[in-house]
Amino acid sequence: MIKTDVLIVGAGPVGIFVVHQLGLIGLKAEVVDNLDKIGGQCIELYPDKPIYDIPALPVCTGESLTNNLLEQVKNFKTNFHLNERVQEISKEENNWRIKTSGKKIFIAPNIIIAAGVGSFEPRKFSVKEAEKFENNGVFYSIKDKTYFKNKKVCIFGGGDSALDWAIELSKFAEVTLIHRRDEFRGAEHSAITAKQLAKEGKLKIKTPFQINSIEGDSKVTGIIIKSEKGEIEKITTDCVLGFFGLIMKLGPIAEWGLNLDKKTIPVNTANFQTNKEGIFAIGDICSYPGKLKLILSGFHEGALAARACFKLARPNEKYRFEFTTTSKTLQERLGVKKSD
Ligand SMILES: Cc1cc2nc3c(=O)[nH]c(=O)nc-3n(C[C@H](O)[C@H](O)[C@H](O)COP(=O)(O)OP(=O)(O)OC[C@H]3O[C@@H](n4cnc5c(N)ncnc54)[C@H](O)[C@@H]3O)c2cc1C
């Protein structure tokens, strides 16, 4: 059980920056994200694309913005709990009890929801057997590539992830890359590399084929694939990997008794509190008249929500407004050395 001042749902740019705002005023935070990496949409959807409207940064990329934000919070030594979805919340005296998909429990007087457009979830196989074998032969992401060493692996998809993993795993596994079209959507040079490896017999490519069924009792033993013309083929395999992109789901947040407006959470713009005391929403997920789904708006929203968290985390203390330029306390919290 982890006790903290604030539990942050979402490690997108807004979730990271609010760690800074909380740290400045002396509050401790823990961050949970469903993804396997920090950065939200910036990292998942456009790591290499330029962003031109972050104040005082004429240009940065999704990745460099994330790295800079992490650099700015490093002195707070915040824990980021990745691959964990915040699942349930319940009230326990003056605290919230928060449970994740990985069964971690957090106790905190405040929750800041910075969940963007919801949690990113992989698009899954539609065949019924896929659910039974999920994480036991059927996978939608790779946490440890050595798991696939010397195994027979079937990879489905036509984008960058499918191509990159087919090329990578073909170094030490028996890989078949299967796609429903003849053309791949991923980077041209990756498609060329995959086709070259197929020519050299280092990997197999099957197009245009889709999955028809998965075979096996306690573990995956094979798959049946079907072409548009109705041709059927059986492939013996140990693992089936699906890389069909991600969908965004509001997911469990919809069950927490919060007022919702379509897929957003209405907030009071004085402090970004939702209809529940101690639960705040900032960034793309919150809504109010005039809301702009921009990173810079999320930063402002986080600054106000952080100050509001102070009241519940330190009920007997008075919050003092200070500037980082002149406050020794804030500079110490930031780890500024005297010579800086
Ligand atoms: C292609 C593209 C270009 C863009 N360009 C710009 C631009 O130039 N300038 C600009 O200002 N904005 C831009 N945006 C918008 C910007 O990316 C978003 O406004 C910003 O990412 C919102 O940040 P956030 O932290 O609120 O949410 P997100 O970045 O969406 O992060 C939310 C995180 O919360 C996690 N999460 C959700 N639910 C849960 C849960 N239950 N448990 C655990 N984790 C959860 C998600 O996995 C995700 O990682 C662009 C967006 C796109 C798609």
Side-chain angles (χ1 to χ4, degrees), residues 6-21 29-66 68-70 73 79-89 96 98-106 108 111-122 140-141 245-256 258 260 263-265 267 272 274 279-288 291-306:
V6 183
L7 186 280
I8 300 170
V9 184
V14 177
I16 311 173
F17 188 66
V18 78
V19 167
H20 180 268
Q21 292 296 297
E30 301 277 329
V31 188
V32 180
D33 202 299
N34 193 44
L35 286 176
D36 58 356
K37 43 191 160 328
I38 299 172
Q41 292 175 53
C42 297
I43 281 292
E44 195 56 50
L45 303 180
Y46 58 102
D48 307 328
K49 289 210 167 70
I51 309 174
Y52 298 103
D53 56 358
I54 303 297
L57 265 181
V59 61
C60 63
T61 62
E63 186 174 17
S64 70
L65 176 70
T66 305
N68 282 345
L69 285 166
L70 286 173
V73 301
N79 296 317
F80 287 84
H81 306 263
L82 301 178
N83 291 310
E84 298 265 358
R85 193 187 310 108
V86 175
Q87 208 63 21
E88 291 168 32
I89 61 162
W96 290 102
I98 303 111
K99 198 169 163 192
T100 71
S101 49
K103 311 252 179 312
K104 285 189 183 169
I105 308 271
F106 297 87
I111 301 175
I112 294 183
I113 305 175
V117 272
S119 62
F120 290 95
E121 311 271 343
Y140 300 99
S141 65
L246 298 165
I247 41 172
M248 292 149 201
K249 276 189 174 174
L250 191 53
I253 296 170
E255 317 293 318
W256 297 348
L258 298 169
L260 294 176
K263 286 180 178 176
T264 63
I265 305 172
V267 287
F272 290 87
T274 65
I279 304 189
F280 304 83
I282 59 174
D284 278 11
I285 195 129
C286 75
S287 59
Y288 52 87
K291 165 71 185 170
L292 281 177
K293 286 195 180 186
L294 284 176
I295 296 166
L296 66 86
S297 318
F299 290 167
H300 159 78
E301 294 154 9
L304 265 66

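Whatever order the structure lists them in is the order used to number ligands and atoms, beginning at 1. All heavy atoms count here, side chains included; hydrogens, waters and symmetry mates do not.
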>> Is it the case that atom NZ in K104 sees more than 12 heavy atoms from other parts of the structure closer than 6.0 Å?
In response: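 It does: K104 NZ has more than 12 such atoms within range.
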As an exercise, identify every atom of ligand 1 less than 4.0 angstrom from a heavy atom of [X].
| X | answer |
| --- | --- |
| L35 | 47 (O), 49 (O) |
| L45 | 53 (C) |
| K293 | 19 (O) |
| V14 | 23 (O), 24 (P), 25 (O), 26 (O) |
| E84 | 43 (C) |
| V32 | 43 (C), 44 (N) |
| R85 | 40 (C), 41 (N), 42 (N), 43 (C) |
| G10 | 33 (C), 34 (O), 35 (C) |

> Do any nitrogen or oxygen atoms of I282 come within less than 3.5 Å of a nitrogen or oxygen of ligand 1?
Replying inline: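 By distance alone, the answer is no.
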> Any N/O of I295 closer than 3.5 Å to an N/O of ligand 1?
Replying inline: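 Yes, there is a polar N/O contact under 3.5 Å.
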Could you grab the distance from atom [atom1] of [X] to atom [atom2] of [Y], nearest 0.5 Å is fine?
| X | Y | atom1 | atom2 | value |
| --- | --- | --- | --- | --- |
| F80 | E30 | CZ | CD | 10.0 Å |
| Q21 | I16 | CD | CD1 | 13.5 Å |
| L35 | L82 | CG | CG | 8.0 Å |
| I265 | I113 | CD1 | CD1 | 4.0 Å |
| L57 | L65 | CG | CG | 7.0 Å |

>> Which option wins on minimum heavy-atom distance to atom 23 (O) of ligand 1: A11, G12, P13?
In response: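 Selected option, by shortest heavy-atom distance: P13.
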Quick check on [X] - does any of its heavy atoms sit under 4.0 Å from an atom of ligand 1?
| X | value |
| --- | --- |
| G251 | no |
| E44 | no |
| G298 | no |

Please report which non-hydrogen protein atom sits nearest to [atom], along with the residue it belongs to and the distance in Å to one decimal place.
| atom | answer |
| --- | --- |
| atom 29 (O) of ligand 1 | Q41 N, 2.9 Å |
| atom 8 (O) of ligand 1 | I51 CG2, 3.4 Å |
| atom 10 (C) of ligand 1 | L294 CD2, 3.5 Å |
| atom 27 (O) of ligand 1 | G116 CA, 3.2 Å |
| atom 9 (N) of ligand 1 | D53 OD1, 2.8 Å |
| atom 45 (C) of ligand 1 | S119 CB, 3.9 Å |
| atom 48 (C) of ligand 1 | D33 OD2, 3.4 Å |
| atom 17 (O) of ligand 1 | Y46 OH, 2.5 Å |

> What pairs meet the side chain to side chain donor-acceptor pair (under 3.5 Å) rule with one or both residues in residues 39-61, with sequence neighbours excluded?
Replying inline: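 The answer is K37-E44, Q41-D284, T61-S64.
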> Is T274 reaching over with its side chain to a backbone N or O of A281, donor-acceptor style, under 3.5 angstrom?
Replying inline: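 Absent.
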>> For V32, is there any backbone N or O sitting under 3.5 Å from a side-chain donor or acceptor partner on E84?
In response: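 It does not hold such a pair.
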Name the atoms and distances for all side-chain donor-acceptor pairs under 3.5 Å in residues 297-305, with sequence neighbours left out.
{"unit_1": "S297", "atom_1": "OG", "unit_2": "L292", "atom_2": "O", "d": "3.1"}
{"unit_1": "E301", "atom_1": "OE1", "unit_2": "G283", "atom_2": "N", "d": "2.7"}
{"unit_1": "E301", "atom_1": "OE1", "unit_2": "K291", "atom_2": "NZ", "d": "3.2"}
{"unit_1": "E301", "atom_1": "OE2", "unit_2": "Y288", "atom_2": "OH", "d": "2.5"}
{"unit_1": "E301", "atom_1": "OE2", "unit_2": "K291", "atom_2": "NZ", "d": "2.9"}

Evaluate the side-chain proximity of [Y] to [X]: yes if any heavy-atom separation is below 4.5 Å, no if none is.
| X | Y | result |
| --- | --- | --- |
| F120 | L45 | yes |
| W96 | I279 | yes |
| D36 | N83 | yes |
| I282 | F17 | no |

> Considering only heavy atoms, does V9 approach ligand 1 within less than 4.0 Å through its side chain, its backbone, both, or neither?
Replying inline: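 It is the side chain that touches ligand 1; the backbone stays farther off.
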> Backbone, side chain, both or neither: what part of A114 comes under 4.0 angstrom of ligand 1, heavy atoms only?
Replying inline: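 It is the backbone that touches ligand 1; the side chain stays farther off.
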